[in-house]
Amino acid sequence: MVEHEVEIEIPFHDVDMLRVTWHGHYVRYLEIARSALLERIDYGYTAMSESGFAWPVTDLRMRYAQSCGFGDRIRVRARIVEWEFRLKIVYLITDASSGARITRASTVQVAVAMATGEMCYPTPPVLAQRIAAAQS
């Protein structure tokens, strides 16, 4: 499987008055990792648009195991697990120093032809080609 990992330091503006990261910011951390992963396979958002497809998120699931706070360093690993009929990415957020699990998540995206606005089944070949090239 194709995966990528990023490290993020939790900034002050992401925490509440108790210095705990607000749960909604985790979605942004997933997006940072997903964008880096897609760039790694040479199919970032610019390349997607140039290929004629948008890939909206249609499902997001997240399970919090523990919190993180201001100044903590986290690792966000994103891994592509499905791509034939949809793009499913699973994530693991861990504490960068201890490796303790903080959050597990997944997103599902579907290809939409930008010219017609129609969903594409199966996934357009361009994604499979990029994944295959990244795996070799």
Side-chain angles (χ1 to χ4, degrees):
M1 296 294 164
V2 179
E3 66 180 39
H4 191 72
E5 187 174 275
V6 297
E7 193 167 304
I8 299 169
E9 182 174 341
I10 305 301
F12 178 74
H13 61 264
D14 280 4
V15 300
D16 61 20
M17 62 187 266
L18 299 175
R19 300 173 76 103
V20 174
T21 303
W22 178 64
H23 69 277
H25 289 303
Y26 288 80
V27 176
R28 182 163 26 94
Y29 307 150
L30 303 182
E31 177 65 25
I32 291 168
R34 180 173 55 244
S35 293
L37 171 63
L38 293 171
E39 286 295 334
R40 181 174 169 254
I41 67 168
D42 196 29
Y43 199 56
Y45 292 115
T46 300
M48 285 180 181
S49 179
E50 290 171 354
S51 72
F53 299 99
W55 291 81
V57 172
T58 59
D59 187 59
L60 165 69
R61 296 172 190 248
M62 194 169 303
R63 184 151 183 107
Y64 302 93
Q66 69 179 34
S67 63
C68 57
F70 173 62
D72 288 348
R73 296 198 68 75
I74 60 172
R75 285 196 182 102
V76 186
R77 184 178 71 213
R79 182 168 38 108
I80 297 173
V81 295
E82 293 180 33
W83 63 86
E84 293 171 331
F85 295 95
R86 62 186 189 166
L87 176 59
K88 183 174 183 181
I89 301 174
V90 296
Y91 307 85
L92 177 64
I93 300 177
T94 58
D95 180 271
S97 52
S98 71
R101 183 179 76 217
I102 296 171
T103 305
R104 287 185 190 202
S106 66
T107 56
V108 172
Q109 296 170 254
V110 295
V112 174
M114 293 170 66
T116 64
E118 294 179 10
M119 259 192 248
C120 303
Y121 298 105
T123 294
V126 64
L127 178 61
Q129 292 164 356
R130 302 289 170 99
I131 290 170
Q135 289 177 325
S136 54

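Heavy-atom minimum distance, Gln66 versus Tyr26: O-OH, 4.3 Å. Shortest non-hydrogen contact noted between Arg34 and Ala78 is N-CB, 4.5 Å. Residues Ala105 and Leu30 share a closest heavy-atom pair of CB-CD1, 3.7 Å. The shortest heavy-atom contact between Val110 and Thr58 is CG2-CG2, 3.6 Å. Ala36 and His4 get closest at one heavy-atom pair: CB-CD2, 3.4 Å. Minimum heavy-atom separation, Tyr45 to Ser35: CE1-OG, 3.3 Å.
Atoms CZ and CG, from Arg19 and Asp72 in turn, are 10.0 Å apart once rounded to the nearest 0.5 Å. Distance check, rounded to the nearest 0.5 Å: CG of Leu87 to OH of Tyr43 gives 9.5 Å. A distance of 12.0 Å separates CZ in Arg130 from CD1 in Ile80, rounded to the nearest 0.5 Å. To the nearest 0.5 Å, the span separating CG on Leu127 from CD on Glu84 amounts to 10.5 Å. In this structure, the separation between OH on Tyr91 and CZ on Arg104 is 15.5 Å, given to the nearest 0.5 Å. Atom OG1 in Thr107 sits 11.5 Å away from atom CZ in Arg61 (nearest 0.5 Å).
Under the 4.5 Å side-chain heavy-atom criterion for Ile, Leu, Val, Met, Phe, Trp and Tyr, Met119 and Ile89 are members of distinct hydrophobic clusters. Placement of Val15 and Ile32 within a single hydrophobic cluster is found when ILVMFWY residues are connected by side-chain heavy-atom separations under 4.5 Å, directly or transitively. Residues Val90 and Leu37 are members of separate hydrophobic clusters, defined by side-chain heavy-atom contacts under 4.5 angstrom among Ile, Leu, Val, Met, Phe, Trp and Tyr. If you chain together hydrophobic residues whose side chains sit under 4.5 Å apart, Ile41 and Met1 fall into the same group. Taken together through direct or relayed side-chain contacts under 4.5 Å among Ile, Leu, Val, Met, Phe, Trp and Tyr, Val108 and Leu92 form parts of separate hydrophobic clusters.
Thr103 places no side-chain N or O within 3.5 Å of a backbone atom of Ile93 that could act as its donor or acceptor partner. With hydrogens and angles ignored, the 3.5 Å screen pairs a side-chain donor or acceptor of Arg75 with a backbone N or O of Ala96.
Residue Ile102 forms a side chain to side chain contact (heavy atoms under 4.5 Å, CB included) with just one option from Ile74, Val76, Thr94, and that option is Ile74.
Within a 6.0 Å sphere centred on CZ of Arg73, heavy atoms belonging to other residues, nucleotides or ligands number more than 12. Within a 6.0 Å radius of CE in Met114, other residues, nucleotides and ligands contribute more than 12 heavy atoms.
Side chains of Met62 and His23 form no contact here, defined as non-hydrogen atoms less than 4.5 Å apart. Within the 4.5 Å cutoff, the side chain of Asp14 has heavy atoms near those of the Tyr29 side chain. Looking at heavy atoms from C-beta onward, Trp55 lies out of side-chain contact with Leu38 at the 4.5 angstrom threshold.
With salt bridges taken as basic N to acidic carboxylate O contacts below 4.0 Å, none links Arg86 and Asp59.
Thr46 and Glu50 form no side-chain donor-acceptor contact under 3.5 Å, judged by distance and modelled atom types alone.
Ring centroid separation for the pair Phe85 and Tyr121 does not come in under the 6.0 Å cut-off.
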